[in-house]
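Below: the structure, in structure tokens.
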Amino acid sequence: MGIIVVDLFSTLDGVYQAPGGPDEDREGGFEFGGWQGHYFDKEGGDIIVAGIQRLDALLLGRKTYDIFAGFWPNAAADDPIAVKFNAVPKFVASRTLQDPGWAGTTVLQDVAAEVREIRGQYEETHVIGSGDLFQTLLAEGLVDRLNLWLYPVTLGTGKRIFPEGTVPAAFSLAQPPQAFPKGAIWLVYERAGIPVTGVDIEGERGEA
């Protein structure tokens with residue numbers, strides 16, 4: 001059995017929309033695209049690339065897929081990310097896409113059932129961005145690992161990772177957090193069931 005890994009870049013207030021460029025995703029009138037670049041450094045970049053090199057399949061929501069499909073097939077032939085993305089099997093969750101133009105793409109309509117099959121076929125299937133798909137997978141118990149990159153900026157608007165209606169879920173750290181020179185923090189979580197609530201913190205302090 002493989003794992004489903006979700007890779008997300010987030011501001012401190014949970015915005016994941018359009019980290020990579022000004023025009024990446026202007027939906028909803030979003031004007032802060034390209035917020036990640038100022039905090040990008042070699043150390044963090046090397047780990048992001050290393051994570052991409054580990055993936056065996058790529059799973060995307062429709063909007064993120066359209067962005068990727070419009071960019072990576074046309075990227076430099078020696079770009080290691082482009083080489084990886086263009087080579088691996090790709091899956092896109094969509095009820096309307098009929099003829100995906102990115103070679104190696106399969107369209108998923110029954111997401112929960114088909115992602116369970118994909119998880120059994122590949123060692124590491126990565127979801128990048130794709131916030132709506134992330135919510136679906138979380139509700140279906142199909143998020144095994146969360147790679148969360150936090151950047152030291154707040155935007156106050158934009159698509160958020162955990163909007164109202166997010167299914168309650170608990171996570172545990174899979175490895176120690178790692179900080180990078182320009183302020184980004186890399187957090188790796190694994191799903192740990194449901195949240196533990198109803199705990200009297202005063203009682204916990206007393207036992208400590």
Side-chain angles (χ1 to χ4, degrees), residues 1-10 16 19-20 24 36-37 39-93 100 102-106 108 111-112 114-138 140-151 161 169 171-182 184-192:
M1 176 70 73
I3 58 174
I4 304 296
V5 181
V6 178
D7 301 322
L8 286 168
F9 305 119
S10 173
Y16 72 90
E24 182 178 326
Q36 181 187 25
Y39 303 100
F40 195 85
D41 48 51
K42 183 180 184 302
E43 294 85 345
D46 287 346
I47 288 182
I48 292 171
V49 172
I52 290 171
Q53 295 305 316
R54 286 196 301 271
L55 68 85
D56 303 294
L58 185 61
L59 171 61
L60 302 171
R62 174 64 187 274
K63 292 173 183 175
T64 304
Y65 176 83
D66 286 345
I67 293 169
F68 277 35
F71 180 81
W72 291 112
N74 305 309
D78 60 349
D79 185 314
I81 298 177
V83 170
K84 186 68 172 181
F85 284 167
N86 290 324
V88 299
K90 290 165 282 291
F91 301 90
V92 54
W102 196 0
T105 297
T106 300
L108 308 181
V111 173
E114 292 176 283
V115 169
R116 286 186 173 88
E117 292 182 7
I118 292 167
R119 185 164 61 173
Q121 294 172 1
Y122 303 97
E123 187 172 346
E124 283 196 24
T125 299
H126 283 231
V127 179
I128 301 177
S130 306
D132 291 342
L133 176 59
F134 170 54
Q135 290 296 317
T136 298
L137 298 177
L138 191 61
E140 293 289 340
L142 289 170
V143 176
D144 300 302
R145 182 175 299 161
L146 175 60
N147 282 326
L148 182 61
W149 289 78
L150 278 178
Y151 291 84
I161 294 174
F171 296 85
S172 60
L173 276 173
Q175 63 186 50
Q178 189 168 351
F180 297 91
K182 291 190 176 181
I185 299 175
W186 179 35
L187 301 164
V188 182
Y189 289 107
E190 292 181 349
R191 184 70 183 269

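All values below come from the heavy atoms of this structure, side chains included, with hydrogens, waters and symmetry mates left out.
A pairwise comparison of heavy atoms in R191 and A169 identifies NE-CB, 3.4 Å as the closest pair. Counting all heavy atoms, side chain and backbone alike, L142 lies closest to A112 at CD1-O, 3.8 Å. Here the shortest heavy-atom pairing between A76 and A82 reads O-CB, 4.0 Å. In terms of heavy-atom proximity, P80 sits nearest to Q53 at O-NE2, 3.2 Å.
Side chain to side chain, T105 and Y65 meet the donor-acceptor criterion of an N or O pair below 3.5 Å.
A 4.5 Å side-chain heavy-atom check between L60 and V127 finds every atom pair outside the cut-off. Here the side chains of L150 and L187 are in contact, with some heavy-atom distance below 4.5 Å. L55 places none of its side-chain heavy atoms less than 4.5 Å from the side chain of V5. Between F71 and I67 the shortest side-chain heavy-atom distance does not fall below 4.5 Å. Here the side chains of I3 and T125 are not in contact, with every heavy-atom distance at 4.5 Å or above. Counting heavy atoms from C-beta outward, D56 and V88 have side chains that stay 4.5 Å or more apart. Proximity of I52 to F85: side-chain heavy atoms (C-beta onward) are separated by under 4.5 Å at one or more points. The closest side-chain heavy-atom distance from V143 to F134 is below 4.5 Å.
Between E190 atom CD and Q175 atom CD the span is 9.0 Å, to the nearest 0.5 Å. Here the straight-line distance linking atom CH2 of W149 with atom CG of L8 works out to 12.5 Å at 0.5 Å rounding. Taken to the nearest 0.5 Å, the NE2 atom of H126 stands 6.0 Å off from the CZ atom of R54. T64 OG1 to F68 CZ: the interatomic distance, rounded to the nearest 0.5 Å, is 6.5 Å. In this structure, CD in Q135 is found 12.0 Å from OG in S130, a value given to the nearest 0.5 Å. To the nearest 0.5 Å, atom CG of residue L59 and atom CG of residue L133 are 5.0 Å apart.
Take E114 and apply the salt bridge (Lys or Arg N to Asp or Glu O under 4.0 Å) test, not counting sequence neighbours, and it matches no residue. Judged as a side chain to side chain contact (heavy atoms under 4.5 Å, CB included), and not counting sequence neighbours, the contacts of Q178 are I47, F180, W186.
Results of the side-chain contact (heavy atoms from CB on, under 4.5 Å) test with L148 over D7, I185, I161, V188 single out I161 as the only residue that passes.
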Candidate pair F9 and Y16, rule ring-ring contact (aromatic ring centres under 6.0 Å, His included), full reasoning: CA-CA 6 Å; F9 305 119; Y16 72 90; over 10 Å; no
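Between the N147 side chain and the V6 main chain, no donor and acceptor come within less than 3.5 Å of each other.
Under a 4.0 Å N-O distance rule, the pair R116/E140 qualifies as a salt bridge. Of the charged side-chain nitrogens involved, at least one lies within less than 4.0 Å of a carboxylate oxygen, so that R119 and D144 count as a salt-bridged pair.
For the side-chain hydrogen bond (donor to acceptor under 3.5 Å, both in side chains) condition, the pairs that include at least one residue of residues 67-91, sequence neighbours left out, are N86-W102.
When the shell of 6.0 Å around CG of D66 is examined, it contains more than 12 heavy atoms from other residues, nucleotides or ligands.
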